[in-house]
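Have a look at the structure below, then the notes.
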Amino acid sequence: MEHLRNVSRRAVLMGMGAGALVLSIGLPGAAQEPEAPLEFGADAMPHGWQDDPTIFVAIDPDGTVTVTVHRSEMGQGVRVSMAMVVADELEADWDRVKVAQAPGDEPRFGNQDTDGSRSLRHFFQPMRRAGAAARQMLREAAAAEWGVPVKEIEAQNHMLRHAASDRSADYGEMAARAAEAEIPDRQTLTLKTPDQFRYVGRDDIGLIDNPDITRGTTRYGIDAKADGMLFAVIARPPVLGGRVASHDDTAALEVPGVRRVVVLESPALPSEFQPLGGVAVIADNTWAAMQGRAALEIEWEGGEHGSYDSEAFRTELEQSAREGEGVEVRNQGDARAALESAATRVEAEYYIPHLAQAPMEPPAALAQIRDGKCEVWACVQAPQVTRVRVAEKLGLQPEDVTVNVTLLGGGFGRKSKPDFVLEAAVLSREMDGAPVKVTWTREDDLHHSFFHTVSLERLEAGLDENGRPVAWLHRTAAPTIGSIFAPDPQQKLPFELGMGLTNMPLDIPNVRAENPQAQAHARIGWYRSVSNIPHAFAIQSFITELAHEAGRDPRDYLLEVIGPARQINPTEMGDVWNYGEDPARYPLDTGRLRRVIEVATEAAGWGRQMPARSGLGLAAHYSFLTHVAVVAEVEVSEAGDVRIPRVDIAVDCGAHVNPDRIRSQMEGAVVMGTGQALMSQITFAEGRVQQDNFDSYLVPRMETAPREIRVHLVGDQGYDSPLGGVGEPGLPPVPPAIINAIFAATGQRIRHLPVGDQLRA
């Protein structure tokens with residue numbers, strides 16, 4: 001496999017961020033090149049980081065400061081948070097700051113993959129340095145202009161002042177001269193102390209895009225326009241691996257406004273981010289294209305996954321988890337022997353179905369080819385990967401492709417895969433370079449996503465005479481994301497295992513984790529929080545089951561099983577990934593995990609008397625270097641309807657750069673997790689997705705969302721301490737907290753998500 005030579009084992013272990021996938025992934029052991037010295041964080045990401053102020057900061061003569069943000073905005077607030085950091089160190093007046101979105105160009109801007117909850121984690125310090133360097137350059141410009149020592153120049157709130165001579169200047173007056181100054185060495189920069197921050201840590205900044213969003217003047221991918229633009233929708237193979245056997249486009253071409261019908265080649269599997277192929281209808285407007293598609297007559301070759309049935313596959317996963325030991329991924333003590341000699345043995349299996357990211361804005365992209373170059377406007381999370389893949393598809397050099405990143409109407413991992421952008425680029429070429437916008441409908445989005453993996457988790461525990469676990473066996477069977485990159489991988493990759501499985505921090509003497517085989521029959525992709533979802537659901541549900549078996553309070557039992565406060569090197573547990581961060585700098589801290597549990601349960605009034613058919617449920621999880629605990633309060637009617645009056649969520653993510661955005665991400669995670677617990681699922685029959693729209697792929701509406709969500713920010717360790725993630729870690733403990741609360745309310749244990757009709761009388 002020639003393509004594996006360019007991909008080190010390190011690239012696999014460091015997380016398989018979309019930008020790391022230069023060609024394909026090498027499975028562990030496939031590449032034989034020597035190991036390079038270990039790098040962590042942004043240093044280990046493709047193209048690393050930049051802190052050059054001339055890249056990120058521009059000042060107009062009128063004093064307007066433009067901060068260029070190189071990460072994608074999909075509701076998480078990265079545009080405002082990055083700008084806040086730069087503006088603070090720059091000493092800019094926030095009312096005179098605006099944001100520009102960077103195009104896809106990682107050699108210039110540093111890594112641009114907006115995934116893994118790492119934008120601020122990786123770029124907080126570089127953006128501080130960029131702002132501080134720009135401030136220093138302005139001071140030097142004023143000092144040169146006035147012939148005074150630079151140390152006598154003060155920069156404050158957009159003004160430069162020399163107290164001794166009573167001279168002052170607006171930033172705009174010195175901007176041109178400052179731009180000519182030499183960029184100061186980062187080692188000489190003076191960064192602010194936290195007590196000097198004006199924006200970082202504030203709770204009242206708000207979203208910088210809010211006025212435009214409110215007025216409807218923002219541009220999302222679906223809003224992209226170009227002169228002479230054509231519109232396209234595509235009929236894609238309904239089964240993964242399928243292709244067009246024959247088609248009749250006569251009726252489609254008779255639809256007013258339809259210009260052309262184009263057959264798109266289907267790729268061989270595994271297909272990475274390549275389009276699925278099919279038949280495209282190109283028209284003068286989207287409606288005509290949709291009507292033309294409806295008029296197509298297509299016969300499909302079924303594809304190698306035409307027999308995929310998700311219910312039957314669940315049985316296969318159950319058999320694999322029960323009968324096949326699989327690959328040993330963690331072994332501490334002797335779990336098997338301890339299970340055999342335990343006073344009590346408890347077993348349980350937990351199942352999570354496929355899930356679709358289902359962003360409110362389905363994928364959309366506009367592409368135009370002119371003079372041997374391609375320009376793209378698209379809602380993408382990975383603009384550099386998009387740039388490279390478009391160049392490859394069209395036979396261009398990456399520098400001949402411009403990727404303009406629009407706002408994303410949600411992403412959740414779906415828009416890190418640029419298949420929809422490649423479709424637009426190919427269709428522009430087919431139309432002699434005319435601008436073509438490809439729009440996905442909701443049905444397209446649900447039928448042809450990169451789905452969150454289906455998962456079966458089998459747990460066994462041995463308890464001593466006091467009900468404390470002395471043995472723990474966890475088998476996890478799930479198709480891997482690696483299946484879209486390499487043929488037939490049967491086990492999860494290290495980064496998937498390191499999401500709550502191999503790095504499980506429970507204080508149990510005998511722990512064993514195994515990964516039986518599981519084949520993928522659908523495109524598997526990143527989904528908010530990824531494999532933490534099934535691992536947290538199983539482990540946190542099982543702990544509550546063990547507490548019940550032992551006759552203990554679930555909160556007290558969980559704290560006891562976590563054990564005393566200690567810092568654990570993840571590699572000692574078998575986690576070789578650690579979210580791509582240095583395990584010495586980012587140990588798993590059980591003291592912080594205990595603390596969020598204590599805060600959440602105290603805030604929720606844990607232990608209070610609950611009305612009939614009401615209950616409190618608790619779950620806690622460490623993911624993306626952040627500790628989170630959730631207490632859910634539920635009410636279950638006699639008919640089996642679940643109502644959630646309140647959720648308390650406590651989060652310790654390190655320093656609070658933008659508290660308002662931390663809260664909003666936790667709130668969003670609670671609502672999304674409610675959907676996973678109660679209603680959301682993707683099922684397959686005969687290789688086809690059975691859900692078409694939000695009438696069948698259910699997400700929480702107002703009446704099913706929690707009535708009240710209280711977010712508790714915990715443990716600000718200071719701005720020189722390592723930052724954790726925010727966008728993803730709120731999600732994993734939400735479903736098990738809800739399920740544990742349902743058990744507390746009804747005595748009925750749910751092990752198969754979503755709850756759906758399982759509580760119906």
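Residue indices begin at 1 and follow the sequence shown.
Of the possible polar contacts, one joining the E496 side chain to the I481 backbone as a donor-acceptor pair under 3.5 Å is found. Side-chain atoms of S271 do not come within 3.5 Å of backbone N or O of A268 as any donor-acceptor pair. Here the side chain of E318 pairs no donor or acceptor atom with the backbone of A321 at under 3.5 angstrom. Of the possible polar contacts, none joining the T626 side chain to the V726 backbone as a donor-acceptor pair under 3.5 Å is found. The main-chain N or O of E457 is never found under 3.5 Å from a side-chain atom of T476 such that the two would form a donor-acceptor pair. N532 contributes no side-chain N or O that, together with a main-chain N or O of P732, makes up a donor-acceptor pair within less than 3.5 Å. Here the side chain of Q665 pairs no donor or acceptor atom with the backbone of A669 at under 3.5 angstrom. Checking side-chain atoms of N578 against main-chain N and O of G580 turns up no donor-acceptor pair under 3.5 Å. Distance alone, capped at 3.5 Å, is enough to place a donor-acceptor pair between the Q357 side chain and the F450 backbone. Proximity of a side-chain donor or acceptor of T114 to a complementary backbone N or O of S72 within less than 3.5 Å is detected.
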- Could you please spell out the steps behind the side chain to side chain donor-acceptor pair (under 3.5 Å) verdict for Q491 and T480? CA-CA 7 Å; Q491 265 82 29; T480 172; over 6 Å; no
- Query: How far apart are the C-alpha atoms of L240 and H305, what are their side-chain angles, what is the distance that settles it, and do they pass the side chain to side chain contact (heavy atoms under 4.5 Å, CB included) test?
  - Reply: CA-CA 6 Å; L240 180 62; H305 298 289; 3.8 Å; yes
- Please lay out, stage by stage, how D115 and S416 fare under the test side chain to side chain donor-acceptor pair (under 3.5 Å). CA-CA 8 Å; D115 60 9; S416 62; 5.5 Å; no
- Could you go through the side chain to side chain contact (heavy atoms under 4.5 Å, CB included) check for V244 and L264 one step at a time? CA-CA 9 Å; V244 178; L264 299 174; over 6 Å; no
- Evaluate the criterion salt bridge (charged side-chain N to carboxylate O under 4.0 Å, His left out) for residue pair D419 and R414; output intermediate values, then yes/no. CA-CA 10 Å; D419 54 328; R414 173 59 182 97; 3.1 Å; yes
- Quick one: do F743 and I750 satisfy side chain to side chain contact (heavy atoms under 4.5 Å, CB included)? Show the steps, please. CA-CA 8 Å; F743 178 75; I750 302 294; over 6 Å; no
- Task: Determine, stepwise, if the pair E514 / R512 fulfils salt bridge (charged side-chain N to carboxylate O under 4.0 Å, His left out).
- Result: CA-CA 7 Å; E514 300 170 352; R512 182 177 178 84; 2.5 Å; yes
- Candidate pair W472 and F542, rule ring-ring contact (aromatic ring centres under 6.0 Å, His included), full reasoning: CA-CA 11 Å; W472 181 282; F542 194 51; 5.4 Å; yes
- Item | Check against salt bridge (charged side-chain N to carboxylate O under 4.0 Å, His left out), R322 and E349 | CA-CA 9 Å; R322 294 168 189 170; E349 292 177 349; 2.6 Å; yes
- Message: Determine whether E272 and R389 satisfy the following criterion, salt bridge (charged side-chain N to carboxylate O under 4.0 Å, His left out), listing intermediate values before the conclusion.
- Response: CA-CA 10 Å; E272 198 232 30; R389 292 296 179 267; 2.6 Å; yes
- Passes side chain to side chain contact (heavy atoms under 4.5 Å, CB included), M672 versus V670? Steps please. CA-CA 6 Å; M672 194 171 188; V670 169; over 6 Å; no
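Annotation: E265, atom CD; neighbour count of heavy atoms from other residues, nucleotides and ligands within 6.0 Å does not exceed 12. For E686, the CD atom sits in a loose shell: 12 or fewer heavy atoms of surrounding residues, nucleotides or ligands are nearer than 6.0 Å.
Nearest heavy-atom pair, A378 versus V421, reported as atom, atom and distance to 0.1 Å: CB-CG2, 3.8 Å.
Between Y308 and F313, the two ring planes are perpendicular [angle over 60°; tilted spans 30° to 60°]. Between F624 and Y579, the ring-plane angle classifies as tilted under the 30° and 60° cut-offs.
N515 and R330 share no donor-acceptor pair across their side chains, judged by distance under 3.5 Å alone. Side-chain contact check for H448 and R523: no donor-acceptor pair (N or O, by modelled atom type) lies under 3.5 Å. Side-chain contact check for S117 and E728: at least one donor-acceptor pair (N or O, by modelled atom type) lies under 3.5 Å. No side-chain donor-acceptor contact under 3.5 Å links Q381 and K417.
Using a 4.0 Å cut-off between charged side-chain N and carboxylate O, R458 and E460 make a salt bridge. Under the 4.0 Å criterion applied to side-chain N and carboxylate O atoms, R118 and D113 are not assigned as salt-bridge partners. Using a cutoff of 4.0 Å between basic side-chain nitrogens and carboxylate oxygens, R236 and E423 are scored as salt-bridged. Between E361 and K415 there is a salt bridge, with a side-chain nitrogen of the basic residue lying less than 4.0 Å from a carboxylate oxygen of the acidic one.
With contacts defined as side-chain heavy-atom distances shorter than 4.5 Å, the pair R707/I644 does not qualify. I533 places a side-chain heavy atom less than 4.5 Å from the side chain of I352. Using a 4.5 Å heavy-atom cutoff, the side chains of V380 and L408 are not in contact. Between S623 and S529 the shortest side-chain heavy-atom distance falls below 4.5 Å. In this structure, the side chains of M74 and L407 stay at 4.5 Å or more apart for every pair of heavy atoms. Residues R293 and D444 form a side-chain contact, since some pair of their non-hydrogen atoms from C-beta on lies under 4.5 Å apart. Side chains of Y351 and F537 form no contact here, defined as non-hydrogen atoms less than 4.5 Å apart. Put simply, the side chain of V454 reaches to within 4.5 Å of the side chain of L317, judged on heavy atoms.
Here the NE2-CG distance, from H535 to L459, works out to 9.5 Å after rounding to the nearest 0.5 Å. Note that CD of Q112 is 10.5 Å distant from OG of S119, once rounded to the nearest 0.5 Å. Summarising the geometry, atom CG belonging to L753 is positioned 7.5 Å from atom OG belonging to S541; distances are rounded to the nearest 0.5 Å. Going from atom CD of Q758 over to atom CZ of R751 covers 11.0 Å, rounded to the nearest 0.5 Å. The distance from atom CZ of F420 to atom NZ of K437, rounded to the nearest 0.5 Å, is 13.0 Å. Taking CE of M504 as the reference point, atom CG of L497 lies at 13.5 Å (rounded to 0.5 Å).
A cation-pi arrangement, defined by a distance under 6.0 Å to the six-membered ring centre and an angle within 45 degrees of its axis, is absent between R528 and F412.
Residue F684 forms a ring-ring contact (aromatic ring centres under 6.0 Å, His included) with just one option from H354, H521, H447, and that option is H354.
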